[in-house]
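On a predicted model such as this, the values are computed, not experimentally measured, just so you know.
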Amino acid sequence: MQRQINELKAGGGNSSDVRNAEVGLWFKVSLPFSCLVFGMVGAPLGLRSPRSGKVSGLVWALPIMLGYYVIYMTMSNAAAGGAVPPILAAWLPNIIGLFVGAVLIWKASR
């Protein structure tokens, strides 16, 4: 993919093609790390007390996953449009997710 980006740049390719290739590259690199994000978020949600019920973790997990997806798609579109650098757009959902996971772990340990 990096070779394709370099060829597009060297060949005087369309800037939107170069940008889309860069967006694709960085999102392919950052997407596997979402497993770490969901693991960090899911672990404290699975440690809820039995009194809160088994469904409470699911009730919290669905909006968090939906929020991740919304941020992911928003950043993807913003990077494709040139409003945000591709590397920032690709990693921002993971950074936010890791922050949310860290907060949940911190609250679960209290």
Side-chain angles (χ1 to χ4, degrees):
M1 193 103 184
Q2 185 63 44
R3 186 177 61 219
Q4 178 187 8
I5 293 169
N6 291 337
E7 288 174 2
L8 284 171
K9 286 180 179 179
N14 188 357
S15 65
S16 66
D17 291 339
V18 173
R19 185 174 43 248
N20 287 336
E22 288 177 340
V23 169
L25 171 69
W26 284 110
F27 274 91
K28 283 182 182 180
V29 170
S30 72
L31 187 61
F33 287 93
S34 66
C35 296
L36 175 66
V37 170
F38 290 127
M40 281 190 66
V41 169
L45 293 178
L47 295 175
R48 297 262 183 215
S49 68
R51 291 185 304 176
S52 64
K54 293 181 180 182
V55 179
S56 67
L58 182 66
V59 168
W60 280 104
L62 288 176
I64 290 171
M65 289 172 35
L66 179 65
Y68 179 89
Y69 180 73
V70 167
I71 294 170
Y72 181 86
M73 293 307 296
T74 302
M75 289 292 104
S76 175
N77 291 335
V84 178
I87 189 169
L88 176 64
W91 286 100
L92 190 62
N94 290 338
I95 292 168
I96 293 171
L98 289 174
F99 177 75
V100 169
V103 168
L104 289 173
I105 289 172
W106 177 72
K107 285 191 173 197
S109 69
R110 294 179 90 216

Original post:
Roughly how far, to the nearest 0.5 Å, is CG of L25 from CG of N20?
Top reply: 12.5 Å
**OP:** On the 0 to 90° scale, with breaks at 30° and 60°, tag the W91-F33 ring pair as parallel, tilted or perpendicular.
**Re:** tilted
Original post:
Within the distance-only criterion (no hydrogens, no angle test), does the side chain of T74 pair as donor or acceptor with the backbone N or O of V70 below 3.5 angstrom?
Top reply: yes
Original post:
What is the distance from atom CE of M40 to atom CG of L104, rounded to the nearest 0.5 Å?
Top reply: 9.0 Å
Original post:
Roughly how far, to the nearest 0.5 Å, is the CH2 atom of W26 from the OG atom of S76?
Top reply: 15.0 Å
Original post:
If you measure from CE on M65 to OG on S34, what distance do you get to the nearest 0.5 Å?
Top reply: 10.0 Å
**OP:** Compare every heavy atom of P86 with every heavy atom of A79, then report the nearest pair and how far apart it is.
**Re:** CB-CA, 4.1 Å
Subject >> Gap between atom CD1 of I71 and atom CG of N94 - 0.5 Å precision >> reply: 10.5 Å
Subject >> S30 side-chain N/O to A90 backbone N/O, donor-acceptor pair under 3.5 Å >> reply: yes
**OP:** Please report the shortest heavy-atom distance between V41 and G97, naming the atom on each side.
**Re:** CG2-O, 3.9 Å
Subject >> 4.5 Å side-chain heavy-atom contact, I64 and L45 >> reply: yes
Subject >> I105 with F99, same ILVMFWY side-chain cluster at under 4.5 Å >> reply: no
**OP:** Say whether V103 and I96 are linked into one hydrophobic cluster, either directly or through other cluster members, by side-chain heavy-atom distances under 4.5 angstrom.
**Re:** no
